[in-house]
2 protein chains.
Amino acid sequence: MAQRQLAFPQVECADCPIRHRAVCARCETDELEQLEAIKYYRNYEAGQTIVWAGDKMDFVASVVHGVAALTQTMEDGRRQMVGLLLPSDFLGRPNRDRAAYDVTATTDLQLCCFRRTPFQDLLANTPHVSQRLLEMTLDELDAAREWMLLLGRKTAREKIASFLSIIARRDATLQQRPTAGEVAFDLPLTREAMADYLGLTLETVSRQMSSLKKDGVIRLEGKRHIVIPDFDLLMDETGDDADGGVLA
Amino acid sequence: MAQRQLAFPQVECADCPIRHRAVCARCETDELEQLEAIKYYRNYEAGQTIVWAGDKMDFVASVVHGVAALTQTMEDGRRQMVGLLLPSDFLGRPNRDRAAYDVTATTDLQLCCFRRTPFQDLLANTPHVSQRLLEMTLDELDAAREWMLLLGRKTAREKIASFLSIIARRDATLQQRPTAGEVAFDLPLTREAMADYLGLTLETVSRQMSSLKKDGVIRLEGKRHIVIPDFDLLMDETGDDADGGVLA
DNA sequence: GTTTGACCTTGATCCAGATCAAGCGCGCCC
DNA sequence: GGGCGCGCTTGATCTGGATCAAGGTCAAAC
């Protein structure tokens with residue numbers, strides 16, 4: 001089959017014409033055709049809500065460009081982010097047709113959507129696709145557990161440093177650059193959204209950012225562009241052990 | 001195939017001779033034979049460590065009796081529980097032969113283990129088993145996200161109430177009893193382990209338990225046996241909306 | 001070029017939960 | 001039966017981050 005040039009980010013799955021991690025692994029076969037037949041694109045602006053918790057969701061999707069957040073809200077308004085979706089991440093749960101969380105675009109966003117029913121059929125009939133989805137879900141579970149340590153036991157400063165290192169790494173992976181020495185990237189979240197990610201208030205986020213800046217761990221160019229002069233210095237602030245990574 | 005009587009808890013999967021949720025769904029076929037061939041049992045006492053993060057793990061397992069905890073520890077000793085495994089829960093990650101977390105028995109524990117390599121082969125060759133495992137992993141991801149809301153945004157009192165309601169519900173499911181009106185069960189964790197679950201100190205756990213007791217939300221018979229006179233009253237303390245549940 | 005509003009920073013004060021400290025209850029072992 | 005240790009409770013004090021409040025920055029709208 002001829003290699004097609006598609007507007008997908010270059011991610012882990014290097015040998016696949018469709019760059020979605022979810023439906024990939026090695027899909028040089030029929031199911032690619034099937035996927036092409038059931039997919040379509042949606043675009044959102046920063047701040048737009050994609051679905052509210054409880055809404056019907058007749059699609060699943062891969063993030064192509066931009067960033068989306070999953071959040072939970074308590075009746076009195078307390079909010080906690082529980083998922084952050086970057087390009088190549090998967091949105092939606094097979095066999096559940098209602099959203100469990102609010103999903104919001106935190107930057108301009110493009111989704112590549114698959115109609116739910118045919119996608120589920122594909123999943124049922126294509127073992128290697130569902131195995132790939134299992135792997136991705138296990139990775140997300142690891143990320144969630146790392147996040148739980150952050151929420152339960154880290155100080156505000158450690159939380160901010162950890163967050164920055166996570167975003168820096170994900171960004172570097174997508175750009176195919178290393179995370180060592182000087183690293184620069186744009187924050188995909190407002191201070192308030194960072195607070196919802198970290199279980200803090202936006203004032204505390206702001207103060208700790210200022211403090212890391214004062215201490216030379218980060219530079220701020222504008223409100224959103226972060227330069228980390230020495231990535232190791234940042235890592236020292238995260239509270240993680242040096243050779244970190246969940247895979248021990 | 002003849003119905004075998006095995007010492008497994010009666011869980012969701014009602015029509016299967018093996019009661020592990022992980023390997024079940026509908027396994028009245030050959031792969032049951034295969035599983036029988038590669039499985040064995042291990043027993044642990046309360047407090048025993050099953051594996052340390054980073055250790056080689058040559059098996060995956062279902063919890064048969066008892067409770068196990070997954071915890072992460074920072075160098076300075078801060079600890080966060082990131083998983084709590086009750087009977088029918090699955091331990092171990094396919095395609096990863098090293099433990100990512102410390103695994104400890106918090107009560108006497110029996111595991112039904114499967115040797116890793118043949119289990120992985122089975123998984124690769126038996127789509128409905130890997131699909132079942134995907135479902136279970138997605139459920140765990142939901143639980144982790146609920147847990148993140150608890151860690152990030154709930155007060156100490158709400159954390160305790162939420163924890164008690166979670167344990168009460170899991171226990172009731174296993175015993176096939178309803179969670180309404182008066183509910184009673186034994187805590188499978190020490191105050192310290194509860195603190196590690198909830199991102200609190202053991203003193204705060206103790207104080208909040210006393211406070212809920214004083215307010216008549218719970219009764220304590222001994223240190224570990226909990227009686228909840230009115231389950232709705234407990235739910236009012238959790239901070240969750242009335243019709244809770246992640247599936248909205 | 002002024003107004004508006006979203007986003008962010010900084011200061012002052014407060015308080016929930018951490019920390020430090022003492023003591024209780026109970027089963028186990030000598 | 002006495003001492004010992006583990007798990008738990010309770011009290012006193014401290015503090016990191018929340019809350020309340022004011023003002024700054026910047027881009028888009030008029």
Side-chain angles (χ1 to χ4, degrees), chain A residues 45-48 74 76-80 104-108 150-164 186-215 218-226 237 239, chain B residues 45-48 69 74 76-80 104 106-107 150-163 186-215 218-226 237 239:
Chain A
E45 290 174 28
Q48 246 187 302
M74 298 170 69
D76 62 2
R78 281 176 283 174
R79 302 205 321 146
Q80 177 63 52
T104 321
T106 69
T107 65
D108 291 347
L150 177 150
L151 289 171
R153 296 301 187 194
K154 289 190 177 179
T155 65
R157 188 180 172 99
E158 287 169 341
K159 285 178 176 184
I160 299 286
S162 301
F163 172 75
L164 294 177
D186 286 318
L187 282 177
L189 300 182
T190 64
R191 300 289 185 268
E192 187 178 26
M194 285 177 62
D196 288 340
Y197 185 111
L198 299 169
L200 297 170
T201 58
L202 70 93
E203 293 95 328
T204 298
V205 170
S206 183
R207 271 186 251 276
Q208 295 297 334
M209 296 278 286
S210 299
S211 164
L212 287 173
K213 183 172 124 189
K214 180 173 64 61
D215 296 346
I218 61 173
R219 284 205 314 275
L220 269 164
E221 303 183 345
K223 306 297 185 190
R224 294 291 193 89
H225 189 75
I226 305 282
E237 300 285 348
Chain B
E45 291 172 28
Q48 246 187 301
M74 298 169 69
D76 62 2
R78 282 176 283 173
R79 303 205 318 144
Q80 177 64 51
T104 322
T106 69
T107 65
L150 177 150
L151 288 171
R153 295 302 188 193
K154 289 190 178 180
T155 64
R157 187 179 173 101
E158 287 169 340
K159 285 179 176 182
I160 299 286
S162 301
F163 172 75
D186 286 319
L187 282 176
L189 300 182
T190 64
R191 299 290 186 267
E192 187 177 25
M194 283 176 64
D196 288 341
Y197 185 109
L198 299 169
L200 298 170
T201 59
L202 69 93
E203 293 95 329
T204 298
V205 170
S206 184
R207 273 186 250 276
Q208 295 297 334
M209 296 276 286
S210 300
S211 163
L212 287 172
K213 182 171 124 190
K214 181 172 65 60
D215 298 346
I218 61 174
R219 285 205 314 274
L220 270 165
E221 303 183 345
K223 306 296 187 191
R224 292 294 193 89
H225 189 76
I226 305 283
E237 300 285 346

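Bear in mind the structure is a predicted one, so any value in this text is a computation, not a measurement. Order of the sequence lines sets the chain letters (A, B, ...), proteins ahead of strands, with each chain counted from 1.
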A.B. asks: Okay, side chain of Thr106(A), backbone of Leu189(A): is any donor-acceptor separation there less than 3.5 Å?
C.D. replies: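 Such a contact is absent between Thr106(A) side chain and Leu189(A) backbone.
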A.B. asks: Just checking Arg224(B): base, sugar-phosphate only, or nothing, at a heavy-atom cut-off of under 4.0 Å?
C.D. replies: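 Counting heavy atoms under 4.0 Å across all strands, the contact made by Arg224(B) is with sugar-phosphate only.
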A.B. asks: Ignoring hydrogens and angles, tell me if any N or O in the side chain of Ser206(A) forms a donor-acceptor pair with the backbone of Leu202(A) under 3.5 Å.
C.D. replies: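 Side chain of Ser206(A) to backbone of Leu202(A): no pair is present.
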A.B. asks: First locate atom CZ of Arg157(B), then atom OG1 of Thr204(B), and finally report the distance between them rounded to the nearest 0.5 Å.
C.D. replies: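 That separation rounds to 14.0 Å.
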A.B. asks: I want to check something: taking the side chain as every heavy atom from C-beta on, are Ile160(A) and Met194(A) in contact at a cut-off of under 4.5 Å?
C.D. replies: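 Yes, close enough: below the 4.5 Å cut-off.
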A.B. asks: Give the rounded distance in Å between these two atoms: CG of Leu189(B) and C1' of dC6(D).
C.D. replies: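 About 17 Å, once rounded to whole Å.
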A.B. asks: Answer whether the closest heavy-atom distance between the side chains of Val205(A) and Tyr197(A) falls below 4.5 Å.
C.D. replies: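 They are not in contact (no side-chain heavy atoms under 4.5 Å apart), so the answer is no.
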A.B. asks: Show the distances under 3.5 angstrom between N or O atoms of the protein and N or O atoms of nucleotides 22-24 of chain C.
C.D. replies:
none

A.B. asks: Just wondering, more than 12 heavy atoms not from Arg153(B) lying within 6.0 Å of its CZ?
C.D. replies: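 Enclosed: over 12 neighbouring heavy atoms sit under 6.0 Å from CZ of Arg153(B).
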A.B. asks: Based on the rotation axes of five pairs at each end, what angle does the helix from dG1(C)-dC30(D) to dC30(C)-dG1(D) bend through, to 10°?
C.D. replies: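 So the angle between the two local helix axes works out to 30°.
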A.B. asks: Can you tell me how far C1' of dT9(D) sits from CE of Met194(B), to the nearest Å?
C.D. replies: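 Taking CE of Met194(B) and C1' of dT9(D), I get 14 Å after rounding.
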A.B. asks: What does the B/S/- profile of nucleotides 9-19 of chain C look like, 5' to 3', with a 4.0 Å heavy-atom cutoff to protein?
C.D. replies: BBBB----SSB
A.B. asks: Check whether any side-chain heavy atom of Lys154(B) lies under 4.5 Å from a side-chain heavy atom of Met74(A), and answer yes or no.
C.D. replies: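 Side chain of Lys154(B) against side chain of Met74(A), heavy atoms only: contact under 4.5 Å found.
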A.B. asks: If you compare all heavy atoms of Leu150(B) against all heavy atoms of Leu198(B), which two are closest, and at what distance to 0.1 Å?
C.D. replies: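 Heavy-atom minimum between the residues: CD2-CD2, 3.8 Å.
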A.B. asks: Does Gln80(A) reach the main-chain N or O of Asp196(A) with its side chain, forming a donor-acceptor pair under 3.5 Å?
C.D. replies: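 Between the backbone of Asp196(A) and the side chain of Gln80(A) there is a qualifying donor-acceptor contact (under 3.5 Å).
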A.B. asks: How about Met209(B) and Arg191(B): do any of their side-chain heavy atoms sit closer than 4.5 Å?
C.D. replies: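 They are in side-chain contact.
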A.B. asks: Whole-Å distance between dG16(D) P and Glu158(A) CD?
C.D. replies: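 Rounded to the whole Å, the gap is 13 Å.
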A.B. asks: I need the CD-P distance between Glu192(B) and dC8(D), as an integer number of Å.
C.D. replies: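 For the pair Glu192(B) CD and dC8(D) P, the rounded distance is 9 Å.
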A.B. asks: Side chains of Ile226(A) and Asp186(A), heavy atoms from C-beta outward: is any pair under 4.5 Å?
C.D. replies: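 A side-chain contact under 4.5 Å is absent here.
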A.B. asks: Atom CD of Glu221(B) to atom C1' of dC26(C): distance rounded to whole Å?
C.D. replies: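 My rounded result for the distance is 18 Å.
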